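A short worksheet on the structure shown next.
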Amino acid sequence: MLKKIATAASAVLLAALTACGSGGSGDAGSSGADDGKITMGFAQVGAESGWRTANTKSIQEEAAAAGVDLKFSDAQQKQENQIKAIRSYIQQKVDVIAFSPVVETGWDTVLLEAKRANIPVILTDRAVDSDDTSLYKTFLGSDFIEEGKKAGEWLKENAAGAKNVVELQGTTGAAPAIDRKKGFEDAIAGTDLKIVATQTGDFTRSGGKQVMEAFLKSVPQIDVVYAHNDDMGLGAIEAIKAAGKVPGKDIKIITVDAVKDGMTALAAGEINFIVECNPLLGKQLMELAKKVVAGEEVPPRVVTEETTFTSEQAKAALPERKY
């Protein structure tokens with residue numbers, strides 16, 4: 001159900017996009033209180049992948065449908081940009097803050113500022129590593145360790161003599177990168193399967209291609225590619241083809257996400273197995289936001305429902321796929 005453009009980021013970051021059009025100037029919290037509309041500040045990781053684009057669209061559309069005034073910022077995969085955005089939302093006195101943390105650590109100070117301002121925080125998609133769980137109300141997202149385990153379990157059952165695995169990791173320090181790695185390693189422990197090379201592709205297609213090109217030059221025998229998301233796996237496919245090999249046959253490929261481009265490659269046999277990570281969190285997020293703003297109790301952890309796909313299953317699912 002996890003990884004860089006620094007200049008001018010703050011200008012983009014602080015330009016709030018409203019998804020349901022309730023003005024935009026002045027005290028956001030006060031305007032929300034006057035008309036009964038909830039104002040949410042949402043700090044997104046960026047637009048690094050097809051998954052993230054679908055996630056952003058879901059949040060914006062569901063905010064509009066729920067009558068939530070959404071202040072949206074794109075952190076361009078930089079923690080400092082998200083921190084600036086969160087502080088901006090605190091200054092605007094929004095009713096609730098939600099964000100997908102770029103990395104796990106380094107959030108306590110800004111989240112404490114939100115807590116002192118009595119603004120509840122909801123984590124989406126990715127968790128934070130903090131001893132103080134009172135800094136946020138709930139975490140909505142996937143079980144990344146379980147996703148990694150599903151990938152490893154499938155490989156164990158379908159290894160067919162494969163031994164050497166190369167791993168395309170997500171952004172260093174990000175929860176999905178850490179957990180998908182752990183889950184996969186736990187699943188293949190005690191088998192002949194071994195991760196012989198691992199490097200971050202930063203969850204991007206270009207990053208996956210570059211890392212895979214390097215692996216193909218430096219690793220004598222590659223049997224399997226385990227990519228932490230579809231986009232890096234799709235980049236790896238480009239590199240494998242350029243090297244004169246057949247993706248899905250000469251080298252097995254396992255990815256996480258199940259976005260349309262990945263599912264299309266799976267249906268074509270270029271990817272062998274995909275573990276789903278559902279990006280359509282918008283509706284659940286808006287429901288949780290309304291509850292926390294109203295002072296209602298919510299579960300500390302809300303896990304999204306997800307599945308897995310083989311090639312044949314992808315062919316059947318693609319016609320109705322929403323992302």
Side-chain angles (χ1 to χ4, degrees), residues 9-47 52-76 78-102 107 109-126 128 134-141 279-300 302:
S10 58
V12 175
L13 198 61
L14 298 178
L17 304 177
T18 57
C20 55
S22 84
S25 60
D27 187 314
S30 297
S31 65
D34 290 340
D35 60 13
K37 182 176 289 187
I38 291 174
T39 300
M40 172 188 287
F42 187 88
Q44 183 60 284
V45 172
R52 189 65 56 191
T53 300
N55 179 243
T56 292
K57 184 178 180 182
S58 171
I59 290 165
Q60 292 174 330
E61 290 181 347
E62 292 297 340
V68 172
D69 181 10
L70 185 69
K71 308 294 184 183
F72 183 89
S73 63
D74 178 345
Q76 298 181 329
K78 289 189 176 293
Q79 183 179 31
E80 59 265 33
N81 291 345
Q82 282 193 314
I83 290 173
K84 287 178 184 177
I86 292 169
R87 286 189 169 134
S88 171
Y89 297 146
I90 293 170
Q91 291 172 357
Q92 294 177 61
K93 299 180 182 179
V94 299
D95 298 305
V96 59
I97 292 171
F99 76 113
S100 299
V102 174
W107 300 103
T109 299
V110 71
L111 293 185
L112 183 59
E113 292 171 18
K115 182 179 179 180
R116 287 172 174 167
N118 294 315
I119 300 174
V121 173
I122 299 173
L123 305 178
T124 71
D125 173 41
R126 302 179 180 184
V128 298
S134 73
L135 296 176
Y136 56 91
K137 293 295 184 181
T138 186
F139 165 43
L140 166 66
L280 306 183
L281 306 182
K283 185 175 182 179
Q284 286 178 285
L285 175 58
M286 299 310 145
E287 291 171 352
L288 286 170
K290 289 184 176 182
K291 288 180 180 179
V292 299
V293 170
E296 297 180 27
E297 289 293 321
V298 295
V302 180

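In this chain, numbering begins with 1 at the start of the sequence shown. Treat the numbers as computed from the prediction; the structure is a model and nothing was measured.
A side-chain donor-acceptor contact under 3.5 Å links R126 to the backbone of V102. For Y89 (side chain) and M40 (main-chain N/O), no donor-acceptor pair under 3.5 Å exists by modelled atom type. K137 places no side-chain N or O within donor-acceptor distance of the main-chain N or O of V293, the cut-off being under 3.5 Å. Using a distance-only test at 3.5 Å, with no hydrogens or angles considered, a donor-acceptor pair links the side chain of T56 to the main chain of R52.
What you find for N81 and A75 is that their closest heavy atoms are ND2-O, 3.0 Å. Taking every heavy atom of both residues into account, V96 and A289 meet most closely at CG1-CB, 4.1 Å. A pairwise comparison of heavy atoms in L281 and L140 identifies O-CD2, 3.8 Å as the closest pair. For S58 against P279, the heavy-atom pair with the smallest separation is CB-O, 4.2 Å. Residues V45 and Q82 share a closest heavy-atom pair of N-NE2, 3.7 Å.
Residues L123 and T138 form no side-chain contact, since every pair of their non-hydrogen atoms from C-beta on lies 4.5 Å or further apart. Within the 4.5 Å cutoff, the side chain of I59 has heavy atoms near those of the M286 side chain. A 4.5 Å side-chain heavy-atom check between V94 and I38 finds every atom pair outside the cut-off. Using a 4.5 Å heavy-atom cutoff, the side chains of D95 and K37 are not in contact. Counting heavy atoms from C-beta outward, S100 and F42 have side chains that approach closer than 4.5 Å.
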Requested in this report: For S73 and Q44, run side-chain contact (heavy atoms from CB on, under 4.5 Å): C-alpha distance rounded to whole Å, both residues' side-chain angles, the deciding distance at 0.1 Å, then the answer.
Outcome: CA-CA 6 Å; S73 63; Q44 183 60 284; over 6 Å; no
Query raised in the report: Do I90 and I97 pass the side-chain contact (heavy atoms from CB on, under 4.5 Å) test, and can you show the C-alpha distance, the side-chain angles, and the key distance before you say yes or no?
Result: CA-CA 8 Å; I90 293 170; I97 292 171; 3.9 Å; yes
Query raised in the report: For I122 and V292, what are the C-alpha separation, side-chain angles and deciding distance, and is it a side-chain contact (heavy atoms from CB on, under 4.5 Å)?
Result: CA-CA 9 Å; I122 299 173; V292 299; 4.0 Å; yes
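Checking E113 against T109 by side-chain atom types alone, no donor-acceptor pair falls below 3.5 Å. Inspection of the T39 and K71 side chains reveals no N or O donor paired with an N or O acceptor under 3.5 Å.
Going from atom CD of Q92 over to atom CZ of R87 covers 15.0 Å, rounded to the nearest 0.5 Å. The CD atom of E287 sits 7.0 Å away from atom CD of Q284, with the distance rounded to the nearest 0.5 Å. For the atom pair CD1 of I119 and CZ of R116, the computed distance is 13.5 Å after rounding to the nearest 0.5 Å. Residue L285 holds its CG atom at 8.5 Å from CG of L70, rounded to the nearest 0.5 Å.
Listed by chain and number, the residues in a ring-ring contact (aromatic ring centres under 6.0 Å, His included) with F99 are W107 (sequence neighbours excluded).
The number of heavy-atom neighbours closer than 6.0 Å to CD of E296, taken from other residues, nucleotides and ligands shown, is above 12.
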